[in-house]
Q: 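This structure is in structure tokens; I'll ask about it shortly.
Here is the naming used below: chain letters follow the sequence lines, and residue numbers restart at 1 for every chain. Keep in mind the model is a prediction, meaning the values are calculated, not measured. Both backbone and side-chain heavy atoms feed into the values below; hydrogens, waters and symmetry mates do not.
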Amino acid sequence: MPELPEVEVVKKSLENKIKNLIIKKVIITNNKLRYRINRKEFHKLQGNKIKSISRRSKYLFINLNTGLSLLIHLGMNGKFFIIDKKKQKYKTSFYYNIINHNLKHDHINFYLTKKVKLIYNDVRKFGFIKIIKTSEINTNKHIKLLGPEPLSNIFNKNYFNKAIINKKKSIKDLLIDQKFVSGIGNIYCNEILYLSRINPSRGIKNITKKETNKILFYTKKILKKSIEKGGSTIKDFNSADGKTGGFQQLFNVYAREGKGCKTKNCSEIIKKTYISNRSSFFCLKCQK
DNA sequence: TTCTTTGTTCCGGA
DNA sequence: GTCCGGAACAAAGA
């Protein structure tokens, strides 16, 4: 579920907590993630200093002073926890449904200087971590084919209108196609199309220029807004019950099947269908 | 036991 | 060559 905003929030959080620390020890309790972890390779990270954290699409990079980087994808449920010297625990992000920290799913533990511990936790193990050369980030097979960042200036009217010429798929399939634009997943795609008042199953060839402008506008707006909300919720994570957090209220359609449309004066019920095997939520009345 | 969830990848057909 | 849709895959909770 982590899409671009969540990954960006994780990035900022890691920056605050682990930048400039040195990896003292790596303990791997389960090496079977999406791709198998090579224990020896990870143990060699001992002594490396964390220079910076960066992000591209839904990928995170922890860049080390030795020319190596950890390439991380959080998959569906991947998350980082940080425990500091005062034994305080921080979660680096939150998702629309809060999942509490279950130690059972801690797979990789990085012991850092200043008594900080970084934990990679992943219930489904769909995420992965690879060690690559920092200089080869852009040519890495996961990265090189990614389309533009949705918040960048490259993702603009000109790009959009050129990219959709002769395309036949649905508008929804286009928005979650990482080669077209990278970082949008099923959840934000549903939200963007609701705000743009476009039915997700519409074919691209029927989308007007006015509508592509709307999609561009709301894509940038909602991604930015979510990044802001993420930052503000992390601050008060420490409270024992993690069930608060206003993220869920942000959703207008996602996972709201059978509930009322949030548009003013609209009494429609949100519908759920499947497009390319992915759940799609929309209002029949508001989204044409 | 079966169904659901996701991003990514792969494959066959057009 | 390229595009597109469908299915497979990873794991675990309900």
Q: Which is more 5' along DNA chain B, the nucleotide nearest Phe126(A) or the one nearest Lys141(A)? Just name the residue.
A: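 Looking at DNA chain B, the more 5' nearest nucleotide goes with Phe126(A).
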Q: On DNA chain C, nearest-nucleotide positions of His107(A) versus Arg34(A): which is more 5'?
A: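 Checking each residue's closest nucleotide, the 5'-ward one belongs to Arg34(A).
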Q: Nearest whole Å is fine: how far is dA12(C) P from Arg124(A) CZ?
A: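 Rounded to whole Å, this separation is 8 Å.
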Q: Any chance the side chains of Lys172(A) and Asn186(A) put a donor and an acceptor closer than 3.5 Å?
A: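 Yes, Asn186(A) and Lys172(A) have a side-chain donor paired with an acceptor closer than 3.5 Å.
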Q: Verify the neighbour count for atom NZ of Lys205(A): are there more than 12 heavy atoms of other residues, nucleotides or ligands below 6.0 Å?
A: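 No, NZ of Lys205(A) has 12 or fewer neighbouring heavy atoms, counting only those of other groups under 6.0 Å.
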Q: Output the rounded distance in Å from OH (Tyr274(A)) to C1' (dC3(B)).
A: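 Nearest whole value for this atom pair: 9 Å.
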Q: What is the nucleic acid contact for Lys179(A), judged by heavy atoms within less than 4.0 Å: base, sugar-phosphate only, or nothing?
A: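 Here Lys179(A) touches no strand at all.
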Q: Keeping the roles fixed (side chain from Lys79(A), backbone from Asn77(A)), state whether a donor-acceptor pair exists under 3.5 Å.
A: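 Indeed, once roles are kept as given, a pair shorter than 3.5 Å links the two residues.
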Q: Between Tyr188(A) and dG7(B), is there a side-chain N or O to OP1/OP2 distance below 4.0 Å?
A: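 Result: no.
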Q: Counting primed atoms plus P, OP1 and OP2 as sugar-phosphate and everything else as base, spell out the protein contacts along nucleotides 3-8 of chain C at 4.0 Å heavy-atom distance: B, S or - for each nucleotide, 5' to 3'.
A: -SSSB-
Q: Starting at atom CD1 of Ile143(A), determine the distance to atom C1' of dT9(B), rounded to an integer number of angstrom.
A: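 Rounded to the whole Å, the gap is 15 Å.
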Q: Which nucleotide sits closest to the side chain of Lys58(A): dT8(B), dA12(C), dT6(B)?
A: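 The listed nucleotide nearest to Lys58(A)'s side chain is dT8(B).
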Q: It should be established whether Tyr59(A) places a side-chain nitrogen or oxygen under 4.0 Å from OP1 or OP2 of nucleotide dT8(B).
A: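 Checking Tyr59(A) against dT8(B): at least one side-chain N or O falls below 4.0 Å of OP1 or OP2.
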Q: Should His105(A) be listed as having a side-chain N or O under 4.0 Å from OP1 or OP2 of dG13(C)?
A: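 So the side-chain polar atoms of His105(A) do come within 4.0 Å of the phosphate oxygens OP1 or OP2 of dG13(C), strictly under.
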Q: Let me know the distance between CG of Leu33(A) and C1' of dG7(B), rounded to the nearest Å.
A: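 Between C1' of dG7(B) and CG of Leu33(A): 15 Å.
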Q: Check the surroundings of atom CD1 in Ile154(A): do more than 12 heavy atoms from other residues, nucleotides or ligands lie under 6.0 Å from it?
A: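 No, not enclosed.
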Q: In whole Å, I'd like the distance from the NZ atom of Lys79(A) to the P atom of dA11(C).
A: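 In whole Å, dA11(C) P and Lys79(A) NZ are 17 Å from each other.
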Q: Within the structure shown, what part of the strands sits under 4.0 Å from Gly75(A) by heavy-atom distance: base, sugar-phosphate, or nothing?
A: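 Nothing, no nucleic acid heavy atom in range.
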Q: Looking only at heavy atoms, what is the nearest atom pair of Phe110(A) and Leu45(A), with distance?
A: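 Minimum heavy-atom contact is CE2-CD1, 4.4 Å.
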Q: What is the distance from CG of Leu4(A) to P of dT6(B), rounded to the nearest Å?
A: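 For the pair Leu4(A) CG and dT6(B) P, the rounded distance is 18 Å.
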Q: May I have the distance from Lys32(A) (atom NZ) to dA10(C) (atom P), rounded to whole angstrom?
A: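 From Lys32(A) NZ to dA10(C) P: 11 Å.
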Q: On DNA chain B, does the nearest nucleotide to His142(A) precede the nearest nucleotide to Ser279(A) from the 5' side, or the other way round? Give the residue.
A: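 Final value for this comparison: Ser279(A).
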Q: We want to know whether Tyr188(A) and Glu6(A) form a side-chain donor-acceptor pair, criterion being a heavy-atom distance below 3.5 angstrom.
A: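 Yes, Glu6(A) and Tyr188(A) have a side-chain donor paired with an acceptor closer than 3.5 Å.
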Q: Base, sugar-phosphate or nothing for Lys272(A)? Non-hydrogen atoms, less than 4.0 Å.
A: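 If one applies the 4.0 Å heavy-atom cut-off, Lys272(A) turns out to touch the sugar-phosphate alone, with no base involved.
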Q: Rounded off to whole Å, could you give me the CG-to-P distance for the Asn77(A) and dA11(C) pair?
A: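 The distance from CG of Asn77(A) to P of dA11(C) comes to 13 Å, rounded to the nearest Å.
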Q: Is it true that, when you exclude Lys51(A) itself, more than 12 heavy atoms of the residues, nucleotides or ligands shown sit nearer than 6.0 Å to its NZ?
A: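 No, not enclosed.
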Q: For Asn48(A) and Thr66(A), which I'm curious about, is there any donor-acceptor pair between the side chains at under 3.5 Å?
A: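 A pair is found: one side chain offers a donor N or O, the other an acceptor, under 3.5 Å apart.
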